[in-house]
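Just so you know, these numbers use all the heavy atoms, side chains as well, and skip hydrogens, waters and symmetry mates. These numbers were taken from a predicted model, which means no experiment stands behind them. Numbering of ligands and ligand atoms starts at 1, following listing order.
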Amino acid sequence: MLNRRQFVCAATAGAAAFARVTDVLAAPATYDLIIKGGRVIDPSLRLDAIRDVAIAGSRIAAVGANIAGDATETLDARGKIVVPGLLDIHTHAARVKEGPALCLADGVTGFVDAGSQGADRINETIAIAKSAPQPARVLINIGRAGILPEGDTMDINRADVGAARDAVAKNRDIIAGIKARLSRDVAGANDYEVLKRAQEVVTSFNLPVMIHMGQTVSPLSKLMDLLKPGDVVTHMFAPPPNSIIDENGHMLPEVLAARRRGVWFDLGNGRTGHLRWDIVERVMQAGFWPDTFSTDWTPEGRTAQVFDFPNVMSKFLDFGMPLDQVIARATVNASRVFEVFRDRGTLNVGAPADVAVLELRQGSFEFVDNYGNKRTGRQRLFPSGTVLGGKRVPARA
Ligand SMILES: [Zn+2]
């Protein structure tokens with residue numbers, strides 16, 4: 001049995017195939033854009049080969065070697081890597097008006113703003129997300145005043161279930177879940193209660209909670225117990241206290257159990273307190289790879305540590321993750337986490353024509369963690385071009 005989405009895809013693909021057959025009878029195929037000769041890596045199709053990608057209207061029309069036919073526009077991708085448009089599930093791109101366009105130029109064709117605002121000012125992030133050129137969703141911060149220097153929920157009254165619930169009910173189209181930041185300097189000893197309240201907000205809407213873990217007052221094992229399938233743990237490489245791994249290099253049993261029941265584990269690069277190379281090393285050695293990569297993007301991150309999504313992805317090449325696995329974590333894996341991205345993260349025929357063109361450069365590249373520790377990598381992915389809904393996006397400034 002096909003579910004509804006598969007049926008729609010199959011129907012779209014069928015219609016496209018039909019259109020192509022009639023085209024062949026009448027005239028050579030014509031496309032709006034052909035991305036020519038790149039190394040196409042699409043983990044959703046288990047594809048890694050030199051291919052052309054042909055686009056008609058806003059959809060992928062064909063992926064093949066040396067596609068014949070006319071195109072209004074051709075993008076020469078020889079020597080480059082062509083992947084499905086990148087999906088970044090933890091950003092703060094809707095905090096500033098220019099955020100979405102800046103990310104788009106880096107290849108990010110879908111993003112989630114994760115908790116920039118709470119109920120009091122959620123309309124501001126919603127307005128930016130709605131005006132974004134790419135599909136965008138917002139997680140509401142359980143703290144009604146959003147991100148506060150003194151801690152979002154240090155005052156537990158700010159974790160206002162009623163206010164958050166009202167905001168979600170009014171904005172079901174754009175609020176895709178709730179964010180609970182649980183570190184000592186954000187929630188203090190309220191962490192457990194804050195997470196309980198976050199779950200209370202979303203339970204009737206059937207939406208996920210994303211927790212910001214690391215340096216919590218409560219043991220992580222206790223917090224894990226409150227997570228349901230589909231919830232997201234971001235900042236998974238946060239150093240102690242309360243990492244996902246203990247001092248002996250063992251993964252916490254509650255973390256393993258959470259993954260087994262369908263909780264996602266996300267990178268959330270960020271700039272302070274979330275990422276330390278020795279923890280990455282040990283967690284990767286334990287075989288517990290991230291489900292998704294994300295930048296925790298802010299405008300300030302453009303010039304330090306984060307820079308752009310392809311740079312964040314590159315860090316894992318240096319930890320021995322194969323390139324196609326790196327791509328998967330920024331495309332097809334992310335498409336499974338939020339409903340809005342379900343038909344994205346793929347170059348399948350009939351899918352929205354969102355494409356990122358990247359350059360894999362060899363050399364010597366410095367990667368800095370959130371604690372100033374440096375690693376030198378031999379490879380780095382650079383953004384080289386973006387196509388959104390079949391249209392080329394102006395290059396990064
Ligand atoms: Zn964040």
Notebook entry, point to check: Centres of the His274 and His212 rings: under 6.0 Å?
Noted result: yes
Check: Are the charged groups of Asp76 and Lys36 less than 4.0 angstrom apart, N to O?
Finding: no
Check: Ignoring waters, how many protein N/O/S atoms are under 2.8 Å from the Zn ion (ligand 1)?
Finding: 3
Note to self: Strictly below 4.0 Å, N to O, side chains only: are Asp369 and Arg276 in salt-bridge contact?
What the structure shows: no
Check: Relative to the ring of Phe319, is the ring of Phe316 parallel (under 30°), tilted (30 to 60°) or perpendicular (over 60°)?
Finding: tilted
Next item on the list: Kindly determine whether Lys179 and Asp113 satisfy salt bridge (charged side-chain N to carboxylate O under 4.0 Å, His left out), including the steps that lead there.
Entry: CA-CA 10 Å; Lys179 176 87 177 285; Asp113 180 284; over 6 Å; no
Item checked: Salt-bridge criterion met for Glu200 and Arg197 (N-O under 4.0 Å) -> no
